[in-house]
Amino acid sequence: MLDIKLIRENPEMVRANLERRHQPEKLELLQQVADADKRWRELTAQVNGLRKRRNDVSQEIAQAMKAGKDASSLKAEASRIPDEINAHESELEAKQAFVKNGLMRLPNLLHESVPYGKDDKDNVVVKVWGEPPKFGFSPSSHAELSQSLGIADFERAAKVTGTGFYYLRNEMALLDYSIMRYAMDLLLSRGYSLIEPPYMIRRSFYEGVTDLGDFENVMYRIEDSENLKDPLYLIATSEHPMGAMLKDEILNADQLPIKMCGVSPCFRREIGSHGKYTKGIFRVHQFNKIEQFIFCLPEQSWELHEELQRNSEALYEGLGLHYRVVNVCTGDIGSIAAKKYDMEAWMADGEFREVGSNSNCTDYQARRLNTRYRMKEGQAPAGFVHTLNNTAIATSRTMIMIMEQYQQADGTIKVPKALQKYMGMKTIEGKLNKMKI
RNA sequence: GCCGGGGUAGCCAAGCGGACUACGGCGCCAGUCUUGAAAACUGGUGCUCCUUGCGAGCCCAUGGGUUCGAAUCCCAUCCCCGGCGCCA
């Protein structure tokens, strides 16, 4: 959420930002918000004047009654004022709601280092690590490999829950947990606190961490929520419960930065098919993820954004996986990020696909969450904190990378050295407690 | 789930229809004093608007209601604490 004062005092800056983002449709919204805010201020002045009259007359009534005088004519006058106030109040509330809603829908200000561009084709590759594996055979997709090894069952998952789900078996289930444990150990060693969050959170908290428009498309709602006005939703990432954790709180500067590493399954209704790489576990309704999340002082966030990036890169490099990093351009970046790096991994068909993203949300998310900081105990809040979030590892997509990059001619898969101690094996051969179904 | 007790500013806490302009304390900020600090003393300490003023409005968990007037009375909802019940 942007600060309304920025729109009052520096609308040109907000306008230029929308143009850089290629969101001309939002220019009109910006103007509407500015107009509604102006009207809100006029109405506020009028209504406050009426409220003052009401308060004054009520005081006179009190004094008259204390003096034993008749106050009935004053009462008659006073009883007319609430109607006048009500006549304006509904418009006042409507304008206020419009401004708030508009502010929620205007995107964050971009950092100057975000490359200008129209769509994902204009993202700028800033790093390439490793090389594509050289196979003396035609490589298979992870979907084919997992089926032939008998370590995943997509047909029965489709039967039971519909498309977009999976049963992992034996080595692949172990691989899932091994990747999580590997990522947890690395981030713990770098000082991040490990968090297992609630897997569902209330809607009112969700509004603080993400876009309102995402709800009905992306999130699963729990029908049986006890409080129907504020129902529970399954989390789409542990970023959300971690962000919501400090809603309406004020942190002391010496408590910051707060660095967390969340572990949880993620639930998403919208998995977008459109013929894009739909086989296997690339796009699914449920997957496990280790997520990094930071609350920090404004002056710390750009340095920490790079730290998060180094952590992600260390995780993939430790697994020996070929990847690249792109600086997401102005036309492709999400609305809450001021700057975003995407991690893209090489897959067996020779394409790079997104496996994680790293965003500095500056104060945009914190303003929605109302998470502030003060320089010292007892002092008034000095401003909003900055928040950052970064996929450390999404196990589903990391499994794809490992299976497709470490496959061998006989259809088995080498286990990256760093995972062998967690897996208890050096090669995935599909022999562990093999199921005859 | 049931029965009690609660939710007041950064924190603690009083108030329980009309001087509440929300008492008091702690913390914090500024000033006086001091070589400096502490102590002491004085003033300030939430949000919004603009005509920036000893200006006005708002704020007592949240949303409604009663009233000329609500922190205070009524209704609904949420949350916390204690006890009982249920339970991996």
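First the proteins, then the strands, lettered A, B, ... as listed; each starts at 1.
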Just compare B/rG18, B/rG57, B/rG10 and give me whichever is closest to any side-chain atom of A/Glu377.
B/rG10

Say you pick atom C1' in B/rA13 and the same atom in B/rC26; how far apart are they, in whole Å?
11 Å

Can you tell me if A/Ser335 and A/Asn108 form a side-chain donor-acceptor pair at under 3.5 Å?
no

Distance check, C1' atoms only: B/rC75 and B/rG83, in whole angstrom units.
27 Å

Where each pair must be Watson-Crick or G-U wobble with both distances under 3.5 Å, what dot-bracket representation of RNA chain B is obtained, with crossing pairs in [ ] and other-strand partners as |?
((((((((.[[[..)..(.....]]]((((((.......))))))(((((..).))))..[[[[[..)....]]]]])))))))....

Using side chain to side chain contact (heavy atoms under 4.5 Å, CB included) as the criterion, point out the one residue from A/Met425, A/Lys431, A/Glu429 that pairs with A/Thr427.
A/Glu429

Summarise protein proximity over nucleotides 40-50 of chain B in one line of letters, 5' to 3': B for base, S for sugar-phosphate only, - for none, counting protein heavy atoms closer than 4.0 Å.
--------SSS

Centroid separation under 6.0 Å, is that true for the rings of A/Trp302 and A/His111?
yes

Mind calculating the distance between NZ (A/Lys52) and P (B/rU51) to the nearest angstrom?
18 Å

Side-chain H-bond candidate by donor/acceptor type, A/Tyr116 with A/His22, under 3.5 Å
yes

Taking 4.0 Å as the cut-off, does a side-chain nitrogen or oxygen of A/Asn55 come that near to OP1 or OP2 on B/rG69?
no

Would A/Arg397 count as a cation-pi partner of A/Phe282, with NZ or CZ less than 6.0 Å from the six-membered ring centre and within 45° of the ring normal?
yes

From A/Arg368 CZ over to A/Met104 CE, what is the distance, rounded to the nearest 0.5 angstrom?
4.5 Å

For nucleotides B/rU45 and B/rG25, find the distance between their P atoms and express it as a whole number of Å.
15 Å

Can you check the distance between B/rG69 and B/rG18, where both ends of the measurement are the P atom (answer in whole Å)?
15 Å

Please check if atom NZ in A/Lys414 has more than 12 non-hydrogen atoms from other residues, nucleotides or ligands closer than 6.0 Å.
no

Here's a test of your reading of the structure: between A/Lys376 and A/Arg53, which maps to the more 5' nucleotide of RNA chain B?
A/Lys376

What nucleic acid atoms does A/Ala62 come within less than 4.0 Å of, heavy atoms only: base, sugar-phosphate, or nothing?
base

Pairing donors with acceptors under 3.5 angstrom, does anything connect the side chains of A/Tyr422 and A/Asp185?
yes

P atom, B/rC58 versus B/rU72: distance in rounded Å?
15 Å

Among the nucleotides B/rC28, B/rC79, B/rC68, whichever has the atom closest to the side chain of A/Arg202 is B/rC79

Taking the C1' atom of each, how far is B/rC73 from B/rC60, in whole Å?
15 Å

Atom P, compared across B/rC47 and B/rU42: separation rounded to whole Å:
26 Å

Does a nitrogen or oxygen in the side chain of A/Asn252 sit under 4.0 Å from OP1 or OP2 of B/rG10?
no

Closest to side chain of A/Gln379, choosing from B/rC29, B/rG57, B/rG18:
B/rC29

